[in-house]
Amino acid sequence: MPPDHQPDRDTGPKPDQDPGRRLDRDSGRGLAHELVERLKARILAGEIQPGQKLPTESSLIQEFGVSRTVVREAVSRLQAAGLVETFQGRGSFVLALPASTAFSVEASGIRTHRDVLDMIDFRIGVESEAAGLAAERRTDLQLKAVERALVDLGRTGEQPGNAVEADYAFHLKIALASGNRFYSDLLASLGPMMIMLPRTRLPHVYTVSDATHFTRVTLEHENIYRAVADRDAAAARAAMRLHLSNSRARLQAP
């Protein structure tokens, strides 16, 4: 497991914060999602033009009263959607809006147990290749983002309420590290529901609160991270395939 670090705490809106700018904390979709929607609306409305820099991390924290973790996750999702590009030491800049030709899979269309199994089959093919490309192409900054996501996932043993978002963040960071926006676009279109839907169908023994299951799943993610860190594309593909195949097998357990 990579070295731990102190978690960012969401301290809520600041006393002098404009109430009209506060995010909806009761939407059930998560603060990162709400912040993405706010920033996306500004971009689509032309309030932030292509080539212009997004507000700084600290100004977004102040404006919306959220943690650094929430801001970073929101920016990652904007990257995945092809709306911004981030340059180390310079910040994130808005990109020209692409033509609406992106392929997407809506999680709302996944309703039955068969649908969930088919989605995991689909993810095995997509995410295994994305992991291999991530091992070949990832930057040090992208690897650090994967490492942070892994650390956050490891903490969910004590905070199971954060497990879905942390698991999704790990897979999204791998897709972003692939250097191919179509992988991250696809995962962004599915959103955290790609993690939530299979979990709702797992037998009780496979819940995140079960220590044996949690240890096994954490190790599967660690193996993916280690292969990407080592730039071992074959091992990364194999580790992701094994993890998702195990997830599928758990769904078929009697």
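The structure displayed is predicted, hence computed values, not measured ones. Numbering of residues begins at 1 and proceeds along the displayed sequence.
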Report task. Following the transitive rule for hydrophobic clusters with a side-chain heavy-atom cut-off under 4.5 Å over Ile, Leu, Val, Met, Phe, Trp and Tyr, establish whether Ile124 and Ile224 coincide in one cluster. Result -> yes
**Report entry** Backbone of Asp232 reached by a side-chain donor or acceptor of Asp230 within 3.5 Å
**Finding:** no
Query raised in the report: Are His243 and Asn223 close enough that a side-chain donor and a side-chain acceptor fall under 3.5 Å?
Result: no
Query raised in the report: What pair of heavy atoms forms the shortest contact from Ala175 to Ala130, and how long is it?
Result: CA-CB, 4.5 Å
Query raised in the report: Can you check whether Asp118's main-chain N or O pairs, donor with acceptor, with Asp121's side chain at less than 3.5 Å?
Result: no
Query - Heavy-atom pair with the smallest gap, counting every atom of Arg237 and Gly132 - result: CG-CA, 3.6 Å
Query raised in the report: Could you state the interatomic distance from CG (Leu78) to CG (Leu54), rounded to the nearest 0.5 Å?
Result: 6.5 Å
Query raised in the report: What's the spacing between Ser245 OG and Met240 CE if we round to 0.5 Å?
Result: 11.5 Å
Query raised in the report: Please walk me through it: do Ser92 and Lys53 pass side-chain hydrogen bond (donor to acceptor under 3.5 Å, both in side chains)?
Result: CA-CA 6 Å; Ser92 299; Lys53 187 177 178 181; over 6 Å; no
Report summary line: CZ of Arg77 to OH of Tyr168, rounded to nearest 0.5 Å, is 5.5 Å
Query - ILVMFWY network linking Ile61 to Ile48, side-chain heavy atoms under 4.5 angstrom - result: yes
Query raised in the report: What is the distance from atom CG of Leu172 to atom CG of Leu190, rounded to the nearest 0.5 Å?
Result: 10.5 Å
Report summary line: Nearest heavy-atom contact between Tyr183 and Val126 is CE2-O, 3.4 Å
Query - Check: Thr56/Ser59 side-chain N/O donor and acceptor closer than 3.5 Å - result: yes
Report task. List the steps and the verdict of salt bridge (charged side-chain N to carboxylate O under 4.0 Å, His left out) for Arg250 and Glu220. Result -> CA-CA 14 Å; Arg250 286 187 280 267; Glu220 290 172 6; 3.3 Å; yes
Query - Ion pair Arg137/Glu129, N-O distance below 4.0 Å - result: no
Query raised in the report: Where the side chain of Arg138 meets the backbone of Ala229, is there a donor-acceptor pair that is under 3.5 Å apart?
Result: yes
Report task. Identify whether the distance between the nearest side-chain nitrogen and carboxylate oxygen of Glu222 and Arg216 falls below 4.0 Å. Result -> no
Query raised in the report: Could you go step by step and tell me if Asp140 and Lys144 meet the salt bridge (charged side-chain N to carboxylate O under 4.0 Å, His left out) rule?
Result: CA-CA 6 Å; Asp140 290 343; Lys144 195 68 179 175; over 6 Å; no
Query - Straight-line distance of Glu85 CD to Gln79 CD, nearest 0.5 Å - result: 8.0 Å
**Report entry** From Asp152 atom CG to Glu73 atom CD, the distance as rounded to the nearest 0.5 Å
**Finding:** 9.5 Å
